[in-house]
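Encoded as structure tokens, the structure appears first; notes follow it.
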Amino acid sequence: MIPISQRIGRFSYAIRNIVAEAQRVEASGKRVRYLNIGDPVAFGFKTPPHLVEAVERALRDGHNGYGPSAGIAAAREAVAADHTANGWPISADRVFVTAGTSEGIDLALTALLDADGEVLLPQPTYPLYTAVLAKIGARARFYRNLREREWITDLDHLGTLVTPATRAVIVIDPNNPTGGCYPTSVRQALLAFAERHGLAILADEVYAELGYDGPIAPLGSFAPDGPVISFSSLSKAFLAPGWRTGWLAVGRSPKLDDVATAIRKLADGRLCSTVPMQYAIAPALQGDRSHLTTFRAALKERARLTADCLNAMPGVTCTTPRAGFYAMPQVTLPSTRTDEEYVLGLLRETGVLCVYGSGFGLAPCDGYLRIVFLASPPELRDVYRLMGEFTAAFH
């Protein structure tokens, strides 16, 4: 056998890894309801027609060759203008169009970290971060987000984690996997923390347009000269995850000049992201956003239904999400059982597929799981009925 890299043993992505078991369950003849991946299109939500038309037009107009490594000018200018209009002044030369937010995160972490570097990650976290860190050989240190405080950061705990090797702090707000949002006081405290310790602050803002009461302001708007790098995409709010079109924006702070140069160098090395889809960025950010009103209302209804149904189950608690389409309930487990055993049992018994909380960095014995609640309200009610029956019998 040809040997493989040792780092592969450290690489894990629970959201996708669990699908192999779901496919085995399907092969046995049981219907599987995939509540593990946040793909709105898979649940019947439609990409806005004017964005589809923009991509079709780009294809027909011959924009099928390589593009600029950092992205086409119109897209970068639209991202810069959108951030600037929302209180975070950015120039287009600090914007990079990427193959989804995932590539942007990979580029930024690679630019910032050597093999002995450390990043502060929220716990629970989105597993892409730990997967990228495993790939580049850097280390994660986890700061607590507290369920009893609606998944708000434990700032005291965060302050104990900084070492000479720390290079950045990750902020996922609105949060995946919890659906939480940070109050202004916490956002300002996180910015001050990063400044105080000389850290970059990586702001994952993919769900910012999906706050149920309206868009969430960019983190950089609270400190326009702060060391902020922001990430977003067309995937969630603009309902086009399969286009793999995202962007990162590097704040205007001179402290980030070398980081921007490093990201540009890395971007050159992979040539460019998918060109035709970039032509949808300006229409998305500068055009008709009326679909968001309907989408937010649909998500708010599903979030409330999800929390109500889960909290009605004996032994289950769930904080009501405030943005996005994820919930992270906690199930009281028997002392000898784990969250993965619960999730796999739920899948095999009922066909309902969720993701165990330990895949997001939580302790297996704590009984957390992440649910994607994009299905229709009637289907969600049926899912929660099945989950309630299974939970009552789980031992």
Side-chain angles (χ1 to χ4, degrees), residues 12-26 28 30-40 42-43 123-128 130 145 147 151 172 175-180 207 236 241 299 302-321 324-334 337-395:
S12 179
Y13 193 73
I15 295 169
R16 291 278 185 173
N17 293 350
I18 198 172
V19 171
E21 182 62 24
Q23 291 170 339
R24 284 190 283 271
V25 171
E26 275 186 318
S28 73
K30 184 183 289 290
R31 176 193 176 194
V32 172
R33 307 188 205 211
Y34 286 87
L35 307 186
N36 63 314
I37 295 178
D39 180 354
F43 293 90
Q123 187 182 49
T125 196
Y126 182 56
L128 171 71
T130 49
N145 282 353
R147 183 184 62 80
W151 295 111
I172 307 173
N175 190 265
N176 173 13
T178 68
Y207 300 91
K236 310 301 184 178
L299 296 179
R302 288 161 170 77
R304 186 181 299 114
L305 168 66
T306 294
D308 288 347
C309 289
L310 292 171
N311 285 318
M313 297 178 197
V316 179
T317 55
C318 182
T319 300
T320 304
F325 35 75
Y326 307 107
M328 183 154 259
Q330 183 178 29
V331 179
T332 302
L333 297 177
R337 306 303 293 271
T338 68
D339 57 358
E340 186 172 358
E341 289 173 328
Y342 174 89
V343 165
L344 290 174
L346 179 68
L347 169 63
R348 293 163 181 157
E349 183 71 23
T350 71
V352 173
L353 177 63
C354 307
V355 185
Y356 41 89
S358 52
F360 301 91
L362 296 170
C365 61
D366 284 346
Y368 287 101
L369 60 146
R370 191 192 74 168
I371 295 173
V372 174
F373 54 77
L374 284 163
S376 68
E379 179 153 4
L380 287 174
R381 288 190 186 93
D382 194 37
V383 164
Y384 300 139
R385 176 187 60 79
L386 292 169
M387 182 177 168
E389 292 170 355
F390 173 81
T391 303
F394 185 73
H395 53 79

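Nothing here was measured: the structure is a model prediction, and the numbers come from that model.
- Looking at N145 and N175, their side chains come closer than 4.5 Å, going by heavy atoms from C-beta outward.
- Two residues are said to be in side-chain contact when any heavy atoms from C-beta on lie closer than 4.5 Å; R302 and P377 meet this criterion.
- In this structure, CD1 in I172 is found 4.5 Å from OG1 in T125, a value given to the nearest 0.5 Å.
- Between Y356 and E341 there is no side-chain heavy-atom pair separated by less than 4.5 Å.
- Contact annotation: the side chain of Y384 approaches that of I371 to within less than 4.5 Å [non-hydrogen atoms, C-beta and beyond].
- Interatomic distance, T350 OG1 to R31 CZ, rounded to the nearest 0.5 Å: 11.0 Å.
- Contact annotation: the side chain of C318 never approaches that of M328 to less than 4.5 Å [non-hydrogen atoms, C-beta and beyond].
- Remark: side-chain polar atoms of R370 are not paired, donor with acceptor, to backbone N or O of A327 under 3.5 angstrom.
- The side-chain heavy atoms of Q330 and V316, taken from C-beta on, include no pair separated by under 4.5 Å.
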Dump the intermediate steps for ring-ring contact (aromatic ring centres under 6.0 Å, His included) on F325 and F43, then the final yes or no. CA-CA 12 Å; F325 35 75; F43 293 90; 8.7 Å; no
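- The distance from the CZ atom of R337 to the OH atom of Y342 is 11.5 Å, given to the nearest 0.5 Å.
- Side chains of R348 and E21 form a contact here, defined as non-hydrogen atoms less than 4.5 Å apart.
- Within the 4.5 Å cutoff, no side-chain heavy atoms of F360 are placed close to those of Q123.
- Around atom CD of E26, more than 12 heavy atoms belonging to other residues, nucleotides or ligands sit under 6.0 Å away.
- Interatomic distance, L374 CG to K236 NZ, rounded to the nearest 0.5 Å: 8.5 Å.
- The six-membered or imidazole ring of Y326 lies away from that of W151, with a centre-to-centre distance of 6.0 Å or more.
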